[in-house]
Amino acid sequence: MQANTVLDQTTGTVSQTQTQELPFTLQDVKAAIPAECFEPSIPKSLSYFFLDIGIIAGLYAIAYNLDSWFFFPIFWVMQGTMFWALFVVGHDCGHGSFSKLKWLNNLIGHLSHIPILVPYHGWRISHRTHHGNTGNLDTDESWYPVSEEKYNRMPWYEKLFRFYLPLLAYPLYLFKRSPDRAGSHFLPSSPLFRPSEKWDIVTSSVLWVMMVAFLGVLTYQFGWVFLVKYYLVPYIIFVMWLDLVTFLHHTEDDIPWYRGEDWYFLKGALSTIDRDYGFINPIHHNIGTHVAHHIFLNMPHYHLKTATEAIKPLLGDYYRSSNEPILKSFIRSYLSCHFVPNSGSKVYYESPWKPKSK
């Protein structure tokens, strides 16, 4: 029987469990990757942060000086995309893959996330839950399927943001989480968090409120049009990028989901898919290279492509990737992925319009 691993959410480490389903172990996968892929470089990590900040500042300078409604639509798309790129830098900080220094990860994480209204520690911890439970219908945190029974009894407003306006769902998720998951990313009392994490949550929430207050002062001084032109529309573009990419990481009608003891860490980590975003790949730091990231979440983003090429021969058919145009993939999953069967394990997405059982 094969020895595989389960992520321990209490310690952040992995423990051994026995299974005979996969022909390789986590240790086998790690051994296939060059050791240097697991080593973050502070100068390299910082270079991505300062590059993103520099581009964002440059775009603001151009937009302010031109002050042209012909340029603003271009500015909105570019700046919203750069907000998303900056989020990915904070994402590495949250995983501890930015550097081995906790204080530096927390500093850059807050500098990356608070300006785009993401409560860094609240998000970091809920994202940890997602990574520790990927592919688990009972305990995954984000973009997991609901059962057909749950889908049928969901109120219209919940369906609206989950299934019909999914690219605007993120701000609501921060306050309300996902279906059947209680709590808020802003409150230390939320079941998302441990008592020992109270002051982390308080810190990020206070900084978030300060950012909202700062935007309020700008609006008071310069007016609503100023806020819309220079912040609100780029923020909405950022939210759409975040929801699009995270949706496509885990939403595909041939990706399996598991229940109960049928799930374990490595099997769940393979329930994701690599996507090709074309020229956007280097802009958002190759976040579409997602399979290797889910297996080894502490790997810096700039090593993911090398690691992926190293593990593909070992993973074989267990490795999923798609070169399909992103818009086409989104529309197909949008139409075909709504719920999974009420019972059983290794289940797949179905749709009220296009039922599919495997």
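In what follows, every heavy atom counts, from backbone to side chain, and hydrogens, waters and symmetry copies are set aside. Counting from 1, the numbers follow the sequence of the chain as shown.
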Peer 1: Is the closest side-chain heavy-atom distance between Leu137 and Tyr258 below 4.5 Å?
Peer 2: no

Peer 1: Return yes if a side-chain donor-acceptor contact under 3.5 Å exists between Thr134 and His294, otherwise no.
Peer 2: yes

Peer 1: Side chains of Pro145 and Tyr151, heavy atoms from C-beta outward: is any pair under 4.5 Å?
Peer 2: no

Peer 1: Are a donor atom and an acceptor atom from the side chains of Thr139 and Asn133 found within less than 3.5 Å of each other?
Peer 2: yes

Peer 1: Are Glu21 and Lys346 within salt-bridge range, i.e. N to O under 4.0 Å?
Peer 2: no

Peer 1: Sorted by first residue and then second, give each salt bridge (charged side-chain N to carboxylate O under 4.0 Å, His left out) pair with at least one member in residues 155-167; sequence neighbours left out.
Peer 2: none

Peer 1: Show your reasoning for whether side chain to side chain contact (heavy atoms under 4.5 Å, CB included) applies to Ser351 and Cys337.
Peer 2: CA-CA 6 Å; Ser351 165; Cys337 299; over 6 Å; no

Peer 1: Identify, with sequence neighbours excluded, every residue that meets ring pair (Phe, Tyr, Trp, His ring centres under 6.0 Å) alongside His249.
Peer 2: His290

Peer 1: Are the side chains of Leu22 and Leu270 in touch, meaning some heavy atoms are under 4.5 Å apart?
Peer 2: yes

Peer 1: Check whether more than 12 heavy atoms from other residues, nucleotides or ligands sit under 6.0 Å from atom CH2 of Trp199, and answer yes or no.
Peer 2: no

Peer 1: State which residues pass salt bridge (Lys or Arg N to Asp or Glu O under 4.0 Å) with Glu324; sequence neighbours excluded, sorted by chain then number.
Peer 2: Arg332

Peer 1: Are Leu327 and Ile236 joined in one hydrophobic group, where the rule is that I, L, V, M, F, W and Y side chains link up if heavy atoms are under 4.5 Å apart?
Peer 2: yes

Peer 1: Could you check whether the rings of His284 and Trp241 sit parallel, tilted or perpendicular, using 30° and 60° as the cut-offs?
Peer 2: perpendicular

Peer 1: For Lys100, check salt bridge (Lys or Arg N to Asp or Glu O under 4.0 Å) against everything at least two apart and list the hits.
Peer 2: Glu39

Peer 1: Give the cluster check for Val118 versus Phe83: same hydrophobic cluster or not, with ILVMFWY residues linked at side-chain heavy-atom distances below 4.5 Å.
Peer 2: yes

Peer 1: Is Leu227 reachable from Val225 through a run of hydrophobic residues whose side-chain heavy atoms are each under 4.5 Å from the next?
Peer 2: yes

Peer 1: Which pairs count as salt bridge (charged side-chain N to carboxylate O under 4.0 Å, His left out) when at least one residue sits in residues 277-303, sequence neighbours excluded?
Peer 2: none

Peer 1: Would you check if the distance from the ring center of Phe49 to the ring center of Phe98 is below 6.0 Å?
Peer 2: no

Peer 1: Determine, stepwise, if the pair Leu192 / Arg181 fulfils side chain to side chain contact (heavy atoms under 4.5 Å, CB included).
Peer 2: CA-CA 9 Å; Leu192 274 167; Arg181 305 283 193 271; over 6 Å; no

Peer 1: Consider only side-chain N and O atoms of Asp274 and Tyr319, and report whether a donor and an acceptor are under 3.5 Å apart.
Peer 2: yes

Peer 1: Between Ser99 and Asn105, is any side-chain donor less than 3.5 angstrom from a side-chain acceptor?
Peer 2: yes

Peer 1: Does either side chain, that of Tyr235 or that of Gln79, offer a donor lying less than 3.5 Å from an acceptor on the other one?
Peer 2: no

Peer 1: Check whether any side-chain heavy atom of Ile255 sits under 4.5 Å from a side-chain heavy atom of His250, and report yes or no.
Peer 2: no

Peer 1: Taking NZ in Lys198 as the centre, count heavy atoms belonging to other residues, nucleotides or ligands within less than 6.0 Å. Is the count above 12?
Peer 2: no

Peer 1: Please confirm whether the ring centroid of His303 lies under 6.0 Å from the ring centroid of Phe38.
Peer 2: no

Peer 1: Without hydrogens or angle criteria, can the side chains of Thr251 and Trp143 be said to hold a donor-acceptor pair below 3.5 Å?
Peer 2: no

Peer 1: Are Phe175 and Leu168 connected in the hydrophobic side-chain network, where two residues link if heavy atoms are under 4.5 Å apart?
Peer 2: yes

Peer 1: Give, for atom CG of Leu111 and atom CD1 of Ile53, the distance between the pair rounded to the nearest 0.5 Å.
Peer 2: 7.5 Å

Peer 1: Between Tyr164 and His338, how do the two ring planes meet: parallel, tilted or perpendicular, split at 30° and 60°?
Peer 2: tilted

Peer 1: Would Thr25 and Asp28 count as having a side-chain donor-acceptor pair, cut-off 3.5 Å?
Peer 2: yes

Peer 1: Just grab all the salt bridge (charged side-chain N to carboxylate O under 4.0 Å, His left out) pairs involving residues 69-86, residues at least two apart or on different chains.
Peer 2: none

Peer 1: Would you mind reporting whether Cys37 and Phe296 have side-chain heavy atoms less than 4.5 Å apart?
Peer 2: no

Peer 1: Can you confirm if the aromatic rings of His121 and His110 lie within a centre distance of less than 6.0 Å?
Peer 2: yes

Peer 1: With under 30° as parallel and over 60° as perpendicular, where do the rings of Phe72 and Phe75 fit, or are they tilted in between?
Peer 2: perpendicular

Peer 1: Distance-only, no hydrogens or angles: does the Ser47 side chain make a donor-acceptor pair with backbone N or O of Lys44 under 3.5 Å?
Peer 2: yes

Peer 1: Applying ring pair (Phe, Tyr, Trp, His ring centres under 6.0 Å), run through Tyr349 and Phe339 and close with a yes or a no.
Peer 2: CA-CA 5 Å; Tyr349 266 113; Phe339 52 77; 8.7 Å; no

Peer 1: Name all pairs fulfilling the salt bridge (charged side-chain N to carboxylate O under 4.0 Å, His left out) condition that reach into residues 77-89, sequence neighbours left out, sorted by first residue then second.
Peer 2: none

Peer 1: For residues 208-223, which side-chain N or O atoms pair as donor and acceptor with protein atoms under 3.5 Å away, sequence neighbours left out?
Peer 2:
unit_1, atom_1, unit_2, atom_2, d
Trp208, NE1, Leu117, O, 3.0
Thr219, OG1, Leu215, O, 2.8

Peer 1: Ile331, Phe161: one ILVMFWY side-chain cluster at the under-4.5 Å cut-off?
Peer 2: yes

Peer 1: Is there a side-chain contact between Pro166 and Asp243, using heavy atoms and a 4.5 Å cut-off?
Peer 2: no

Peer 1: Is the number of heavy atoms from other residues, nucleotides or ligands within 6.0 Å of CE (Met299) greater than 12?
Peer 2: yes

Peer 1: Of all the heavy-atom pairs spanning Pro40 and Pro300, show the shortest one and how long it is.
Peer 2: CA-CG, 3.6 Å

Peer 1: Are Ile201 and Ile125 close enough that some pair of their side-chain heavy atoms sits under 4.5 Å apart?
Peer 2: yes

Peer 1: Check the orientation of Phe238 and Tyr170. Use parallel for under 30°, tilted for 30 to 60°, and perpendicular for over 60°.
Peer 2: perpendicular

Peer 1: Test Tyr144 against Ser178 for side chain to side chain contact (heavy atoms under 4.5 Å, CB included), laying out the working first.
Peer 2: CA-CA 9 Å; Tyr144 54 86; Ser178 299; 3.1 Å; yes

Peer 1: Can you sort out the partners of Asp180 under salt bridge (Lys or Arg N to Asp or Glu O under 4.0 Å), two or more places apart, ordered by chain and number?
Peer 2: Lys150

Peer 1: What residues, two or more places apart in sequence or in another chain, satisfy ring pair (Phe, Tyr, Trp, His ring centres under 6.0 Å) together with Tyr48?
Peer 2: His285, His301, Tyr302

Peer 1: If only side-chain N and O atoms count, and only distance matters, is there a donor-acceptor pair under 3.5 Å linking Arg177 with Ser184?
Peer 2: no

Peer 1: Listed by chain and number, what are the ring pair (Phe, Tyr, Trp, His ring centres under 6.0 Å) partners of His91, not counting sequence neighbours?
Peer 2: His95, Trp123, His127, His293

Peer 1: Under a 4.5 Å cut-off applied to non-hydrogen side-chain atoms, are Val291 and Thr272 in contact?
Peer 2: yes

Peer 1: Taking the six-membered ring for Trp, are the ring centroids of Tyr64 and Tyr60 within less than 6.0 Å of each other?
Peer 2: no

Peer 1: Measure the spacing between OG of Ser205 and NE2 of His185 and express it to the nearest 0.5 Å.
Peer 2: 10.5 Å

Peer 1: Where do Asn286 and Tyr277 land on the side chain to side chain contact (heavy atoms under 4.5 Å, CB included) test, with the steps shown first?
Peer 2: CA-CA 9 Å; Asn286 293 305; Tyr277 292 84; over 6 Å; no

Peer 1: List for me each residue that meets ring pair (Phe, Tyr, Trp, His ring centres under 6.0 Å) alongside Tyr318, sequence neighbours excluded, and say none if there are none.
Peer 2: Phe24

